[in-house]
Amino acid sequence: MPSTSIGNNREVMSSQTSTDPLLILSSALQTAFEAVAGRTGVDPVIRSSDRADAQANGALGLAKELGQNPRQVAEAVLAECAGLAGICSSVEVAGPGFLNLVFSNDFLSRLLNEVASDPRVGIGTVPSKRVVIDYSAPNVAKEMHVGHLRTTVIGDSLVRMLSFVGHEVIRENHIGDWGTPFGMLIEHLLDLGETQAADHLSLGDLDGFYKQARTKFDADETFQDRARSRVVLLQSGDAETRRLWNLLVNLSTHHFNAVYKLLGVLLTDDDLMGESAYNDLLPQVVNRLDKLGLLQQSAGADVVFPPGYTNREGEPLPLIVQKGQGGFNYATSDLACVIDRVERLQADLLLYVVGSPQAQHLAMVFDVARMAGWLVEPNEAVHVAFGNVLGSDRKIMKSRSGDPLKFIDLIEEAVSRADAAIAAKNPDLSETERHEIARMVGIGSVKYADLSTDRVRDYVFDWERMLSFDGNTAPYLQYAHARICSIFRRADISRVSVRDVVPTLVEPQERELALALLAFNAAVVDTIDKYSPHRLCTYLYDLATTFTAFYEHCPVLKDGYESTRQSRLALCDLTARVLNQGLALLGIETPEQM
RNA sequence: GCCCACGUAGCUCAGUGGAUAGAGCGUCUGCCUCCGGAGCAGAAGGUCGUAGGUCCGAUUCCUACCGUGGGCGCCA
């Protein structure tokens, strides 16, 4: 099975000192399986299990290869299991040939202690790749709206995770700052007068400006002519036109930055790489395709026919790289991006966090780039596709006015709803504290709601559900974290003081919590492997519910035995750190009280 | 018409080539001298869209069909 280049790093991880018990077990058990099979490269097929800590399913597959009964194979593997001393306290054959495995408590305690002493709480690093990630991409002279939410939030989370495991990540915000609409926008700017237009725009009413220009364009033919000739001036580099264009771009990026800052994503002006940046490369794209013999004429346009695509009539579908009238389009620009990212930036991997409707377009662009030899293994491009945000009517979310919901309004509503909920539940907080916590909870809720469902699916935007303190939500996870902080506050014990404690695992809830904590690295690896942040969310939610069960059954401060208290405090501290780190990888902050 | 994605409990969603498919909400029943009840324990609720196929084993992989959404040459 082909795996994307970044994620498949389990082998690398296992060669380091891993703290993942399943990984250690797998590697130990592989030796036993290989002895029985008489060959190398046997996968023990380790899975977590509801009947033990883990189960090995490898015997069932191996039985066929050896022509033996699966149970016999499992028995034979069991006989070779001397290497599991120090890892498992129990190994038994069950059912048709499963091996049920129980970790020894000492083994788990030792691993927990190792993780607790690691500032990265068990997350390993991998050989570094240079990754360009294309996300957010709002349009100049248009307000950011709910349609930009997913690409911005998912992209930001992937950036954080990829960087954390050691990749060199280059963020690219491919803003829409070029093309025919700019003739119209610049002419409208001139009509209003620069000063007045700037006031208008700096008030944040970007959409109003755009709509006025559009209305005028649709109604007034002389304005259309002015707009068209202004585009020509812009593209030919006319200084005055460029100055006016710059004005529009600067006013817009000012707005973008305000949104990014409020939302807490990493994008800055340094990451801007708009369409205009590739303008000079566009003729070269066509020339290079021509020299390679890939270019064809079709209905007056210059096109490339990547195999495997057909149109409505069943005829080959072209990728148009130069229009009939000579202009370039977004395919040209996207090909220029590939060239720039591979040849100038020397990227190993190109990620495109772009909505699913663009799947065919991007597939064609990538195919043409491969045909042209610009995208060559092991370099690769991946479309990190995502579905729509839907309203309660299951249609694409709109505001009351019918326009897409503005990003700013969305964030403000989230924060004010969170503020009200916190005020009701914790009236003792000062107003300043409450506002700060509301910001973390409100924005965290929106981000988490977006990240916690499989990105390929559409999801229904629901304020009540995302801000609920129950279920798979940001507030639930943040609350679990805050409650742990509260334990340490109440006991007046420093978090750091318990980090060298080796926890003792006695109660089943302590073991469950230990197993959950030690699965953090695997969750992150899996998330990166599939570019699917919801996998990390699922893990964190499971950790939080496991912690809650522990908290319910295992009194931390009231136990009466100092050693138990120390051990449980160590488990608490580590849980809080994993929650904090995990949410941080999603771009979500964790307050110490709520 | 062709192509792509999706279809799992009443609702919103996880999950997997392996044993008995999970969670939250909602419904029902218990638990309170409880470190934050923003909780815990339990019950009910499913032919995993339908029909075939591969496999020792399929909800998972393959094919067809049905349903929903999207895409299908000069917008980006």
Side-chain angles (χ1 to χ4, degrees), chain A residues 45 47 49-51 55 57 60-61 63-64 69-70 94-98 100 137 139 174 176 178-181 275 298-303 305 308-331 333-334 355-361 363-364 385 387-388 390 394-396 421-422 424-426 449 452-454 456-460 462 464-466 468-473 475-476 478-480 482-491 534-535 537-538 541-542 545 548-549 551-559 565 568-569 572 593-594:
Chain A
V45 194
R47 298 283 184 271
S49 172
D50 52 355
R51 312 183 172 212
Q55 63 185 62
N57 304 337
L60 286 89
K64 189 166 179 73
N69 172 319
F98 302 108
N100 285 347
N139 289 312
H174 194 68
W178 205 246
T180 44
E275 290 165 1
S298 177
D302 287 331
V303 308
F305 286 100
Y309 301 91
T310 53
N311 67 13
R312 243 177 264 276
E313 284 72 42
E315 297 153 353
L317 183 68
L319 187 70
I320 295 172
V321 294
Q322 186 153 22
K323 298 191 274 190
Q325 283 92 12
F328 303 108
N329 63 4
Y330 73 132
S333 175
D334 283 340
S356 314
Q358 302 230 40
Q360 181 177 271
H361 165 70
M364 290 176 82
N388 292 311
L390 306 178
R394 301 217 55 123
K395 297 197 169 138
I396 293 183
I422 293 163
K425 286 170 173 168
N426 194 349
S452 60
T453 44
D454 189 348
V456 304
R457 294 173 50 135
D458 295 346
Y459 80 93
V460 177
D462 180 337
E464 283 200 23
R465 190 155 16 92
M466 74 177 71
S468 166
F469 289 77
D470 294 305
N472 190 8
T473 65
Y476 179 80
Q478 289 168 322
Y479 171 67
R483 188 150 65 164
I484 295 171
C485 294
S486 149
I487 295 171
F488 282 88
R489 267 199 307 274
R490 177 175 290 256
H534 85 279
R535 291 180 167 266
C537 295
T538 304
Y541 177 59
D542 178 64
T545 54
T548 311
Y551 179 82
E552 186 72 19
H553 291 101
C554 305
V556 176
L557 300 179
K558 296 195 164 181
D559 178 73
R565 179 182 151 108
R568 290 180 179 169
L569 281 169
C572 286
Q593 54 179 335
M594 286 174 70

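By convention in this document, chain letters (A, B, ...) are assigned in the order of the sequence lines, proteins followed by strands, and residues within each chain are numbered from 1.
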When both distances are under 3.5 Å in a Watson-Crick or G-U wobble arrangement, the nucleotide paired with B:rA64 is B:rU50
Would you give me the side-chain donor-acceptor pairs under 3.5 Å for residues 320-328 of chain A, sequence neighbours excluded?
from     : atom 1 : to       : atom 2 : distance (Å)
A:Gln322 : NE2    : A:Gly326 : O      : 2.7

(Q) Classify A:Gly314 by what it touches in the nucleic acid, base, sugar-phosphate, or nothing, heavy-atom distance under 4.0 Å. (A) nothing
* Classify the nucleic acid contact of A:Asn472 as base, sugar-phosphate or nothing, counting any heavy atom under 4.0 Å across all strands shown. => nothing
Worksheet item: Which is true for A:Ala299 with a 4.0 Å heavy-atom rule: it touches a base, it touches only sugar-phosphate, or it touches nothing?
Response: base
Counting only side-chain nitrogens and oxygens, does A:Arg490 get under 4.0 Å of the OP1 or OP2 atom of B:rG36? yes
Rounded to whole Å, CE of A:Met364 lies from P of B:rA76 at a distance of 15 Å
Here the distance between atom P of B:rG37 and atom CG of A:Asn426, to the nearest Å, is 13 Å
(message) Using a heavy-atom cut-off of 4.0 Å across all strands, would you classify A:Pro318 as base, sugar-phosphate, or nothing?
(response) base
Q. Is there a side-chain polar atom (N or O) of A:Arg568 under 4.0 Å from OP1 or OP2 of B:rC35?
A. no
From CG of A:Asp454 across to P of B:rU60 the rounded distance in Å is 17 Å
The answer to which of A:Phe305 and A:Asn388 contacts RNA chain B further toward the 5' end, by nearest nucleotide, is A:Asn388
note: A:Asp50, atom CG; B:rA23, atom P; distance rounded to Å ~ 12 Å
The residue, A:Tyr541 or A:Ala301, whose nearest nucleotide of RNA chain B is more 5′ is A:Tyr541
Original post:
Distance check: side-chain N/O of A:Lys323 vs OP1/OP2 of B:rC75, anything under 4.0 Å?
Top reply: yes
Looking only at B:rC35, B:rC72, B:rC56, the nucleotide nearest the A:Lys64 side chain is B:rC56
For A:Ala421, report the nucleic acid contact type (base, sugar-phosphate, nothing); a contact means any heavy atom under 4.0 Å.
nothing
> Hey, does the side chain of A:Arg483 come within less than 4.0 Å of B:rG37's phosphate (OP1/OP2), counting only N and O?
Replying inline: yes
pair_partner(B:rG24), Watson-Crick or wobble, both distances < 3.5 Å, evaluates to B:rC11
A:Tyr476 atom OH is separated from B:rA38 atom C1', nearest whole Å, by 10 Å
Students often get this wrong, so: under 4.0 angstrom with heavy atoms, is A:Asn139 touching a base, only sugar-phosphate, or nothing? nothing
When rounded to whole Å, the CZ to P distance for the pair A:Arg457 and B:rC11 reads 13 Å
Minimal heavy-atom distance between A:Phe305 and A:Pro316, with the atoms involved, is CE2-O, 3.6 Å
What contact category does A:His534 fall into here, base, sugar-phosphate, or nothing, at under 4.0 angstrom with non-hydrogen atoms? sugar-phosphate
Side-chain contact check for A:Arg535: nearest option of B:rA76, B:rG15, B:rG36 is B:rG15
* Counting just side-chain N and O atoms, does A:Arg394 come under 4.0 Å of either OP1 or OP2 of B:rG69? -> no
* Across the strands shown, which category fits A:Cys572 at heavy-atom distances under 4.0 angstrom: base, sugar-phosphate, nothing? -> nothing
Scanning all shown strands, the Watson-Crick or wobble mate of B:rA38 with both distances under 3.5 Å is none
N/O (side chain, A:Ser356) to phosphate O (OP1/OP2, B:rG70) under 4.0 Å: no
message: Counting the atoms with a prime plus P, OP1 and OP2 as sugar-phosphate, which does A:Asp334 contact under 4.0 Å by heavy atoms, base, sugar-phosphate, or nothing?
response: nothing
**Report entry** Minimum side-chain heavy-atom gap A:Ile422-A:Met594 below 4.5 Å
**Finding:** no
| What nucleic acid atoms does A:Leu317 come within less than 4.0 Å of, heavy atoms only: base, sugar-phosphate, or nothing? | sugar-phosphate
Rounded to whole Å, the CG-P distance (A:Asp542 to B:rG22) equals 14 Å
| What does A:Arg465 touch in the nucleic acid at a heavy-atom separation under 4.0 angstrom: a base, only the sugar-phosphate, or nothing? | sugar-phosphate
Quick note, A:Gln358 side chain, CB onward, closest among B:rA41, B:rA38, B:rA76 is B:rA76
Original post:
Are A:Tyr476 and A:Thr548 close enough that a side-chain donor and a side-chain acceptor fall under 3.5 Å?
Top reply: yes
When rounded to whole Å, the OH to P distance for the pair A:Tyr459 and B:rG24 reads 22 Å
Exercise. With heavy atoms under 4.0 Å as the rule, sort A:Glu464 into base, sugar-phosphate or nothing.
Key: nothing
Requested in this report: Answer yes or no: does a side-chain N or O of A:Lys425 lie under 4.0 Å from OP1 or OP2 of B:rA38?
Outcome: no
